[in-house]
Amino acid sequence: MNTSITIEEILTRKHFNLTDIIAGSSGIKRQVKWVHCMEVTQISHLLNGNELILTTGLGWKDCDDTFLSCLRQLIECDAAGLCIEIGANTMAVPQCAIDLANERQFPIILFHEEVPFVEITQDIHSLIINKQYQMISNLENYSQQLNKNLLEIDHYEPILKFLHSYLNVQVILIFNENDIASIPKIKKKTTYQMVADIYEEKRKLDKTVLGQPIQVLGENYAELLICSNGRELTDFDSLILDRTATALAQHLLRELYIEEKKMSEESIWLTNWIEGEYSDEAIRERLSYIDPKMQLDGGIVCICKQHPKYNKNSAKLDGTYFKIMFRTVFEQYGFQIFSMEIHQHLVFILGDNRSSEDWKSRVTSAVDRIMKMDVSGRNRMGLLSIGFGKHVQRLSEIYKSYETARETLLLQDTLPEDNRSFFYQDLHMHRMISLINKHGNLEETVYEYLGPVIEYDKQNNGELMPTLKTYLACNGSKQETSKQLFIVRQTLYHRLEKLEKLLGSDFMRSDKRLGLEFMIFALDFLQYSSRKINGKYVDKYIGR
């Protein structure tokens, strides 16, 4: 739809009857947003782009270098074109300027007789203003039709078709590298390459390509692109694209709510699945009923729960909002999401659509994005504890991931902040410590190994425990240990002598050292759990 004015259209106006385009004729499709009369030579700071310049050439009279300088400034400022009145000030245009204008497709138009610049500007400005009014009317009409369509459609493709028919451009909607829709249809084998080419053009600021992200719940869910082969895209095209992107966001959000509702209705089946009651064949048959295209390669379970430190008067998490946000983000990283609520916990099965080799890095990236999405605190990530179970290859074994996700959450409640992890796989030592604590007297075992050091620090207000912990962490490097503790080497030697007396001169022997490191982990576990060793709290002896 023609909502902009081009030089080609202006050349048909009455004051342009006796004109010639002496250079840059291939640029007559350039848009004109305003007309400006100018006789000065330093002009770059006066222009915003797309101006048609009218001049008598007084500023560069008889000086080709000055004329060339002015022309370069116009081109760099993205002016639409240059109209020169031939007469007393300018008799001819130098060949070097003509060559530059042809090279940059910048139109130079000559008036062969005196013309009233004031009437030209009045005529063209009236035309521009009328076009603006028409553009606003067209935009409102488009929005009304778009909103009407939203009430009637159950898929996003009609919206893409409407955009294509209205602007007559290529329309592409990109969800991810494996899900791209286009109107008109693009052959599958060339889709990805074309998308790559479009992005390359965008990087070069090509005016035949425009893009707009589709935001759902404040997150980029997809990207809408339009591409024109025959004309530059205008501000009107950009406004239409923006309205369409908003409509698509509304439609996709509605679809997510509908999908979430359907998933809630599947909660009984999902609960049985997560408890291990179905075979692989039964699960895949049910999933194919939900979505015939669904192909999952194993999966992971994630459990989210309200953090226990918040009381009943604290702001609560919006469960529906969070589930949709969770789905929006994780689908971008190759996961099919199934959500349910079990014992007031949000439980997500993450069916893996991609290779299982990088599942952890993808989950980490998705969690980071959710953390950063905390729009006005609405998703309240600070209220949540999150645990991911281990990745399983067989869908029938998803119950194993569920059990390990539950254990991850339980361990998080007993760990210091700097030792916590979302992932079951990262809690190696803590899982063993928890097991020992369940089936044995962990306090006595820890005290058997570290009791002398704990008692020494208590009686002498010493720093042997942090020294031992740092020395072991530095693999016995005295230089690195003293550096991390901010002490001189002599002080470290004195402390190490004390440790040898308390623990034995062989405390760095591999087997004994391994036992000590394990007991330090256990001491952290006990300290954070506010346990007692021999009736006394050990918080101040941890060595932080």
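All of these numbers come straight from a predicted model, not from anything done at the bench. Side chains included, hydrogens not; waters and symmetry mates left out as well; all remaining heavy atoms used.
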Margin query: Run Arg286 and Glu281 through salt bridge (Lys or Arg N to Asp or Glu O under 4.0 Å) and show every step you take.
Written below: CA-CA 9 Å; Arg286 185 60 177 259; Glu281 293 74 14; over 6 Å; no
Residues at least two apart in sequence or cross-chain that pass salt bridge (Lys or Arg N to Asp or Glu O under 4.0 Å) with Arg13, listed by chain then number, are Asp123
Is there a side-chain contact between [X] and [Y] in this structure, where contact means two heavy atoms from C-beta onward sitting under 4.5 Å apart?
X      : Y      : value
His391 : Glu357 : no
Leu110 : Val93  : yes
Phe162 : Ile183 : no
Ile159 : Ile153 : yes
Met38  : Thr55  : no
Glu51  : Lys33  : no
Val367 : Val329 : no
Asp78  : Leu47  : no

Please round to the nearest 0.5 Å and tell me the distance separating atom [atom1] of [X] and atom [atom2] of [Y].
X      : Y      : atom1 : atom2 : result
Ile398 : Lys400 : CD1   : NZ    : 11.0 Å
Asn272 : Tyr278 : CG    : OH    : 3.5 Å
Ser396 : Asp280 : OG    : CG    : 4.0 Å
Ile124 : Leu54  : CD1   : CG    : 6.5 Å
Glu103 : Ile98  : CD    : CD1   : 14.0 Å
Glu275 : Leu270 : CD    : CG    : 11.0 Å

At their closest point, which heavy atom of [X] faces which heavy atom of [Y], and how far apart are they?
X      : Y      : result
Phe322 : Cys304 : CE2-SG, 3.9 Å
Ala97  : Leu68  : CA-CD1, 3.8 Å
Gly387 : Ala405 : O-CB, 3.8 Å
Val169 : Cys227 : CB-O, 3.6 Å
Pro107 : Gly27  : CG-O, 3.5 Å
Gly389 : Thr404 : CA-OG1, 3.2 Å

Polar side-chain atom of [X] near backbone of [Y] as donor-acceptor pair, under 3.5 Å:
X      : Y      : result
Arg406 : Ser401 : no
Gln170 : Pro184 : yes
Asp352 : Arg354 : yes
Arg254 : Leu150 : yes
Gln73  : Ile43  : yes
Arg362 : Tyr333 : yes
Thr6   : Arg30  : no
Asn147 : Ser143 : yes
Thr328 : Ile324 : yes
Thr246 : Asp242 : yes

Are Leu395 and Arg284 close enough, and set up right, to give a side chain to side chain contact (heavy atoms under 4.5 Å, CB included), and what steps lead you there?
-> CA-CA 8 Å; Leu395 296 178; Arg284 293 193 181 277; 3.7 Å; yes
With a 6.0 Å cut-off (strictly less than), is the heavy-atom count around [atom1] of [X], excluding the residue itself, greater than 12?
X      : atom1 : result
Arg104 : CZ    : no
His155 : NE2   : yes
Gln122 : CD    : no
Glu285 : CD    : no
Arg394 : CZ    : no

So the salt bridge (Lys or Arg N to Asp or Glu O under 4.0 Å) pairs with at least one residue in residues 132-154 (sequence neighbours excluded) are none
For Trp34 and His125, take the angle between the two ring planes, folded into 0 to 90°, and tell me which bin it lands in: parallel under 30, tilted 30 to 60, perpendicular over 60.
parallel
- Where does the angle between the aromatic ring planes of Phe330 and Phe326 fall among parallel (under 30°), tilted (30 to 60°) and perpendicular (over 60°)? parallel
Quiz question: by atom type and distance under 3.5 Å, do the side chains of [X] and [Y] form a donor-acceptor pair?
X      : Y      : value
Thr244 : Tyr142 : yes
Gln134 : Asn138 : yes
Tyr221 : Glu331 : yes
Thr234 : Asp237 : yes

*Are Arg72 and Glu76 within salt-bridge range, i.e. N to O under 4.0 Å?*
no
Basic-acidic side-chain contact under 4.0 Å: Glu397, Lys390
no
query: Could you go step by step and tell me if Ile10 and Ile5 meet the side chain to side chain contact (heavy atoms under 4.5 Å, CB included) rule?
result: CA-CA 7 Å; Ile10 288 175; Ile5 300 173; 3.6 Å; yes
- Met340 and Leu346: CA distance, side-chain angles, deciding distance, side chain to side chain contact (heavy atoms under 4.5 Å, CB included) verdict: CA-CA 6 Å; Met340 68 203 87; Leu346 294 177; over 6 Å; no
Discussion item. Would Lys360 pass as a cation-pi partner of Phe423, given that its NZ or CZ must be under 6.0 Å from the six-membered ring centre and within 45 degrees of the axis?
Written reply: yes
Paired with Val32, the side chain to side chain contact (heavy atoms under 4.5 Å, CB included) test is passed by just one of Asn50, Leu127, Ile7, namely Ile7
Do the two ring centres, one from Tyr399 and one from Trp273, sit under 6.0 Å apart?
-> no
Check: How about Phe348 and Phe335: are their ring centres within less than 6.0 Å of each other?
Finding: no
TODO: Let me see the working for Leu74 and Ile53 under side chain to side chain contact (heavy atoms under 4.5 Å, CB included), right down to the final yes or no.
DONE: CA-CA 9 Å; Leu74 292 174; Ile53 306 301; 3.6 Å; yes
